Amino acid sequence: MAELQRIGVVGAGQMGAGIAHVSALAGYDVVVFDVSHERALQGIGGITANLDRQLAGGKITAGERDAALSRITAADGVGDLAEADLVIEAATEDEAVKRRIFAQVCDVLRPEALLATNTSSISITRLAASTDRPERFLGIHFMNPVPVMKLVELVRGIATADETYETARAYVARLGKAMTVSEDFPAFIVNRILMPMINEAIYTLYEGVGSVENIDASMRLGANHPMGPLQLADFIGLDTCLSIMQVLHDGLSDSKYRPCPLLVKYVEAGWLGRKTGRGFYDYRGETPVPTR
Ligand SMILES: CC(=O)CC(=O)SCCNC(=O)CCNC(=O)[C@H](O)C(C)(C)COP(=O)(O)OP(=O)(O)OC[C@H]1O[C@@H](n2cnc3c(N)ncnc32)[C@H](O)[C@@H]1OP(=O)(O)O
Ligand SMILES: NC(=O)C1=CN([C@@H]2O[C@H](COP(=O)(O)OP(=O)(O)OC[C@H]3O[C@@H](n4cnc5c(N)ncnc54)[C@H](OP(=O)(O)O)[C@@H]3O)[C@@H](O)[C@H]2O)C=CC1
């Protein structure tokens, strides 16, 4: 089994930053690549804030924080991923974007290096087939927020080699995360179950059954969910939620996965949730205010 030391992360958004964060804390060297060096630096800024939050909460020591930060660098270009043993792609949930990234990354990556995707829903087999290394490709699906959530889903494509899978298992174990295994079907296990629930909450709003606050309070207080479904949708990102529903709808050809037209409208407005300051709640003031 290959011994990993250097991890490349593509996409410095909330997930890429989280993956870089936990990898560096576990002792890996991490290179973060995004559309620009500035965007990668911005992601590292977010990691610093989250490490500080863990330090303030007594979860890590100042030494561990500093050591983790010293292991993370922002890539100037894709060439900085050339020495990576494993590259994890965590860019926008869009198959065309991911395919373009794999083409760029495979150009510079050593033949023996592994390539993984953090996709929430897209076929691992199909993504793998677009690369030069389907046997060294798999899904490593982290949950948001990565530093807090215990689970990682591992998803093998049809061609994923046993050695690739075992190396990924060892990586996830070194991060201190729990692991489940999902077969390669649309949205895997967590999102197959979670995302239709979120979509149904949006239909509940769309049909006027309840207000944003009443829907969220119902599920928080009535089902003990840590966040209401609309609050969670804003946290995940409404663009990501819509993409996942589209993959479920297209991949399983069942009308029960039809994305709610209200979700489509929010995404068309660019109201993508917390990351753009507005979604089912408006986050631009002191406290979040429902937008409907
Ligand atoms: C879409 C996909 O493909 C798959 C997915 O990820 S689906 C989404 C899965 N995630 C969820 O369902 C999250 C549901 N929400 C929750 O579990 C909780 O609301 C939450 C953990 C996010 C926040 O918990 P909370 O108690 O409301 O807030 P808060 O007190 O601020 O945070 C709890 C702890 O987590 C820490 N924390 C929260 N976000 C953090 C981050 N990004 N980095 C580091 N630490 C973080 C806080 O510092 C806090 O630590 P202490 O206990 O030491 O104080
Ligand atoms: N949000 C969630 O709760 C979860 C998401 N995921 C998955 O993780 C992935 C990332 O999601 P998330 O972090 O939320 O998304 P974000 O929108 O927060 O981040 C995506 C990042 O990818 C960057 N990016 C876009 N195109 C490229 C490119 N061609 N090259 C390099 N970087 C690029 C974006 O840059 P820019 O902003 O400049 O466009 C952005 O920084 C998706 O596949 C998603 O499905 C998995 C688990 C949970």
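Quantities reported herein were computed from a predicted structural model and do not represent experimental measurements. As the structure lists them, so they are numbered: ligands from 1, and atoms in each ligand from 1. Throughout, residue positions are numbered sequentially from 1 according to the sequence presented.
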Identity and separation of the nearest protein heavy atom to [atom]:
atom: atom 45 (O) of ligand 2; value: S120 OG, 2.6 Å
atom: atom 41 (C) of ligand 1; value: N50 OD1, 3.5 Å
atom: atom 16 (P) of ligand 2; value: K275 NZ, 3.8 Å
atom: atom 42 (C) of ligand 2; value: A91 O, 3.1 Å
atom: atom 18 (O) of ligand 2; value: Q14 N, 3.2 Å
atom: atom 44 (C) of ligand 1; value: P147 CB, 3.6 Å
atom: atom 26 (N) of ligand 2; value: V97 CG1, 3.7 Å
atom: atom 13 (C) of ligand 1; value: N144 O, 3.8 Å
atom: atom 5 (C) of ligand 1; value: M143 SD, 3.8 Å
atom: atom 38 (C) of ligand 1; value: R53 NH1, 3.2 Å
atom: atom 17 (O) of ligand 1; value: P226 CG, 3.7 Å
atom: atom 32 (N) of ligand 2; value: D34 OD1, 3.5 Å
atom: atom 52 (O) of ligand 1; value: K59 NZ, 3.2 Å
atom: atom 21 (C) of ligand 1; value: V148 CG1, 3.8 Å

Over 12 foreign heavy atoms within 6.0 Å of CZ, R292: no
Tell me the contacting part of [X] for ligand 1: side chain, backbone, both, or neither, using a 4.0 Å heavy-atom threshold, strictly below.
X: H21; value: neither
X: L232; value: side chain
X: V190; value: neither

Atoms in ligand 1 with a heavy atom of [X] nearer than 4.0 Å:
X: M149; result: 9 (C), 10 (N), 11 (C)
X: M227; result: 14 (C), 15 (N), 19 (O), 22 (C)
X: S120; result: 2 (C), 3 (O)
X: L194; result: 7 (S)
X: N191; result: 1 (C), 2 (C), 3 (O), 4 (C)

Going by heavy atoms, is [X] under 4.0 Å from ligand 2?
X: A90; result: yes
X: E89; result: no
X: M143; result: no
X: K98; result: yes

Parallel, tilted or perpendicular, as decided by the 30° and 60° cut-offs, for the rings of F142 and Y171: perpendicular
Whether Y281 and Y283 hold their rings parallel, tilted or perpendicular, with breakpoints at 30° and 60°: tilted
Pair T125-D184, side-chain donor/acceptor within less than 3.5 Å: yes
Min heavy-atom dist H141 to ligand 1 below 4.0 Å: yes
4.0 Å protein heavy-atom contact status of atom 6 (N) of ligand 2, strictly under: yes
Closest non-hydrogen atom pair, L263 against L238: CD1-O, 3.8 Å
side-chain hydrogen bond (donor to acceptor under 3.5 Å, both in side chains) partners for D94, two or more places apart: none
